[in-house]
Amino acid sequence: MGDKLPKDYKVYVPLTILFVLLVLLMPRSTSFNYKYSKGAPWMYQTLVAEFDFPILKTGAELLQERNSAQKSVIPYYKKDARIGIKAVQDLNSKNLDNYKAFRRSVALSLNSIYQRGVVADEDYFANSQDGDYDWQQVYLQVEKRAERLPSEEIYSRSSAILELQASLSAFPYADSLCTVSGIYDLIVPDLKLDEQMSHTIHSESVPEISPTKGLVSAGQVIVSNGEIVTSEVEQLLNSYKAEYDASVGYRGNRLIQWLGNSLLAFALVLVIFFTIQLTSPVIFTQFNKYTYLLLIFFLSALTASRIGPASPNSIYLVPFPLFAYYLLAFFRKRLILPVYIISLVPLLLFARSGVELFVMNLVAGIVSIYVFKFFNRGWLQFINAFIVFVVLSAVWFSFRCVEGLAGVDYWIIFRLFIGSLISVAFYPFIYLFEKIFNLVSTSRLLELADTNSKALRELAEKAPGTFQHSLQVANFAGAAARSIGADEVLVRTAALYHDIGKSLNPLCFVENDGGDYHKSLDPKESAKAIIRHVTDGQALAEKYKLPRVIREFISTHHGTTRTAYFYNTYVNNGGDPEDVADFMYPGPRPTTREQVILMICDALEAASRTLKDKTPKGISELVDRILLGKFQEQQFNDSDITIKELTTMSETLKEYIQQVYHARVVYPKARKTKK
């Protein structure tokens, strides 16, 4: 089956979509692929500027210039004319009838002061000394008209009082009279600062700060091989890199570039297609698993292409081994490893430290695939994450040792640690994928395998013999699956449920003490009652909402075989040998290795109970007879199992059954001693 390419067009539609998406992800221009850090030597050949580029100012330099520019903000004041009018009105209410000349002078002075305006002392002195405003000039808005004035043309409250006192110098009693009568209290600030308008006008009037401070000409040496990257050299490199990434694009024919990107994308699609074809071609017939696998590959490529070029440091936060966990939940390891390796290839294409990241995540992913089976539940996932972190850090540090440990950014280790923890946080998304793609994860199978589940508890209560049979079949099937690298968890769980239909009519089956059930029935009626446990099992599977993959085992565990006992009875009683339709299970036949394993182990466990010769030879003949019979009935024709796997499995089952039915030592009875 693995040598034949799938003919269903549905297989190629997702591949075509993946190809188009990969082409769109491909880089459209060259990038500055040098890695450097301050204090470390320049590890590459001497770098010469290919074009003129401006030297960018550092963040600190730009901040200092912005702060200097901020000091030149001219304050914007709005005048409240009502305050000056009220001050003159309040003056008329003062008891100054005996000082009419004095009152006229005060009124004239107040009108003069409020003509120019008064600002609060605390605002004036605070901002004129070390505030954000330049007090050489001010904007003054009177009603709807604003004009720019020298700051000397407005008063602070203190200077306004001094101006009032100066205007009243002709009256020797002026200060005492102003204090007693409260005239000084009439001087209230009528100018209010509008901070928003002040900064708005400033931002519109102040020229934009230049981000550059010089120019490097084409042909000038930027940094030489082995030279230590100082702050100045780092600034030059940062400036050159920014100009390079912004200005230097693909200079050749755009069609040639698209062709190259298309060929690279096609190569990736081709590799993943043949990986599936050579390792697990049955995936092509399981559309939900197939599309899910392609999605995981695309997510890895998308992450590498978007984060890698845009933020070289952030790429260390991405837990690429998480994609291996997403695969591990639904696929066999022989498929997971090559697909995971292929999913890391985009790092080589997109990330600036592609080789380093590829090797780091390759080693960490392989280790995590191995250890995940030990640390995949509850808090143990944190142990798994820590192991991944240690592996990533060790490989990263080995690269730093090769470079001489100069200018090492140890913050990357912290990013790797956070990324490893992120894998724990994002692992529960597997349950969302399980729901969306109608898949069954290993965790879900382990939950179903709990014999305290409602379905299995009901089977144990109503059909205890069948339940014990199912437990033994699960043990047989687990041993067989391990021997050929099949999905042991899946086949053991399916074995527990394959006969749940018998719980609806338990006495029909001999293992439940139903020996007298068939005495009153003819062979066809008995066969019909026996066969019905498959359809009853499907009905119960729907009732208990068992996953589709488990329901498929219920349908296929007898395939299209005959109920041999009742068929032979029918023929021996004179029935037509060609009349076999009523004795045939409806099928379908098994399509996967796991379904084949269950079919064989189900028949083998039942037959082994009636085996009289439990010697190694007798057991070996029984296993060979069961396998040969299923093979001759063509029950394996639709599956992906090989002759080699059948042979390996048969040898394992022979050894296992021998251990189950091994001879026991007869304990001697103790002799009675004479008293």
Side-chain angles (χ1 to χ4, degrees), residues 1-24 262-302 323 326-343 433-441 484-487 490-491 494 538 541 547-557 559-560 586-599 634-643 645:
M1 186 174 179
D3 296 332
K4 299 178 182 178
L5 295 178
K7 297 180 180 179
D8 189 350
Y9 76 93
K10 292 181 180 179
V11 172
Y12 302 99
V13 171
L15 287 173
T16 303
I17 296 173
L18 177 63
F19 166 74
V20 173
L21 293 174
L22 288 176
V23 171
L24 296 177
S262 300
L263 290 174
L264 285 173
F266 182 74
L268 288 175
V269 171
L270 201 63
V271 169
I272 197 166
F273 170 76
F274 278 109
T275 297
I276 299 172
Q277 176 69 18
L278 295 173
T279 57
S280 187
V282 72
I283 296 296
F284 290 129
T285 64
Q286 301 169 355
F287 194 72
N288 56 339
K289 282 191 172 184
Y290 177 49
T291 52
Y292 172 76
L293 187 149
L294 296 183
L295 173 67
I296 296 302
F297 171 78
F298 173 71
L299 289 178
S300 177
L302 178 66
F323 296 116
Y326 287 161
L327 295 170
L328 198 60
F330 307 110
F331 299 98
R332 293 194 293 269
K333 290 181 181 178
R334 71 175 185 179
L335 174 65
I336 294 169
L337 183 57
V339 171
Y340 175 68
I341 294 173
I342 297 167
S343 70
F433 292 138
E434 183 177 11
K435 189 71 174 178
I436 293 174
F437 290 91
N438 195 24
L439 298 169
V440 180
S441 65
I484 63 172
D487 192 333
L490 173 61
V491 75
Q538 287 290 345
R548 182 173 64 87
V549 67
I550 300 298
R551 296 201 297 267
E552 289 173 351
F553 280 90
I554 296 174
S555 299
T556 61
H557 76 277
T560 55
R589 293 181 297 198
T591 58
T592 67
R593 298 187 306 168
E594 288 76 15
Q595 291 173 6
V596 169
I597 290 172
L598 180 59
M599 169 182 277
Q634 301 180 348
Q635 295 304 303
F636 308 149
N637 286 11
D638 296 338
S639 72
D640 59 346
I641 200 164
T642 65
I643 298 296
E645 289 172 333

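Each residue takes its place number in the sequence, starting with 1. Computed from a predicted structure; not experimentally measured. Excluded from the calculations below are hydrogen atoms, water molecules and symmetry mates; all remaining heavy atoms, backbone and side chain alike, are included.
Between S262 and F19, the closest heavy-atom pair is O-CE1, 3.2 Å. Pairing each heavy atom of Y340 with each of L327, the nearest pair is N-CD1, 4.2 Å. A pairwise comparison of heavy atoms in P6 and Q277 identifies CD-OE1, 3.5 Å as the closest pair. Contact between K10 and F287 at its shortest, heavy atoms only, is O-CE1, 3.6 Å. Of all non-hydrogen atoms in P281 and T279, the two that sit nearest each other are CD-C, 3.9 Å. Here the closest non-hydrogen pair linking G559 and M599 is N-CE, 3.4 Å.
With a 4.5 Å cut-off on side-chain heavy atoms, V549 and Q286 do not count as touching. Within the 4.5 Å cutoff, no side-chain heavy atoms of T591 are placed close to those of T285. Put simply, the side chain of T642 does not reach to within 4.5 Å of the side chain of F636, judged on heavy atoms. Counting only heavy atoms from C-beta outward, the side chains of L264 and L268 never approach each other to under 4.5 Å. I17 has its side chain out of reach of L294: every pair of non-hydrogen atoms, C-beta onward, lies at least 4.5 Å apart. Side-chain contact between I276 and Y290 is present, with at least one heavy-atom pair separated by less than 4.5 Å. Side-chain contact between F330 and L490 is absent, with no heavy atoms from C-beta onward closer than 4.5 Å.
Atom CG of L328 and atom CG of L337 lie 11.0 Å apart (nearest 0.5 Å). Atom CG of L22 sits about 10.0 Å away from atom CG of L302, to the nearest 0.5 Å. Distance check, rounded to the nearest 0.5 Å: CD1 of I641 to CD1 of I643 gives 9.0 Å. In this structure, the separation between CD on E594 and CD1 on I597 is 5.5 Å, given to the nearest 0.5 Å. Separation of atoms CD1 (I283) and CG (L335) is listed at 6.0 Å; rounding is to 0.5 Å. One finds the CZ atom of F323 at 7.0 Å from the CD1 atom of I296 (value rounded to the nearest 0.5 Å).
Among L18, V20, L21, the one residue that satisfies the side chain to side chain contact (heavy atoms under 4.5 Å, CB included) test with V269 is L18.
Taking the centre of each ring, F284 and F273 come in below the 6.0 Å mark.
Between the side chain of Q595 and the backbone N or O of T556, no donor-acceptor pair lies under 3.5 Å. Here the side chain of S300 pairs a donor or acceptor atom with the backbone of S343 at under 3.5 angstrom. When atom types are taken as modelled, the side chain of Q635 and the backbone of R589 share no donor-acceptor pair closer than 3.5 angstrom. Judged purely by atom type and a 3.5 angstrom limit, R593 has no side-chain atom pairing as donor or acceptor with the backbone of E645.
By the side-chain hydrogen bond (donor to acceptor under 3.5 Å, both in side chains) test, S555 pairs with Q538, sequence neighbours left out.
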Check against side-chain contact (heavy atoms from CB on, under 4.5 Å), L5 and F274: CA-CA 9 Å; L5 295 178; F274 278 109; 4.2 Å; yes
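Ring-plane geometry between Y326 and F433 is classed as perpendicular, the angle between the planes exceeding 60 degrees on a 0 to 90 degree scale with a lower cut at 30. Between F331 and Y292, the two ring planes are parallel [angle under 30°; tilted spans 30° to 60°].
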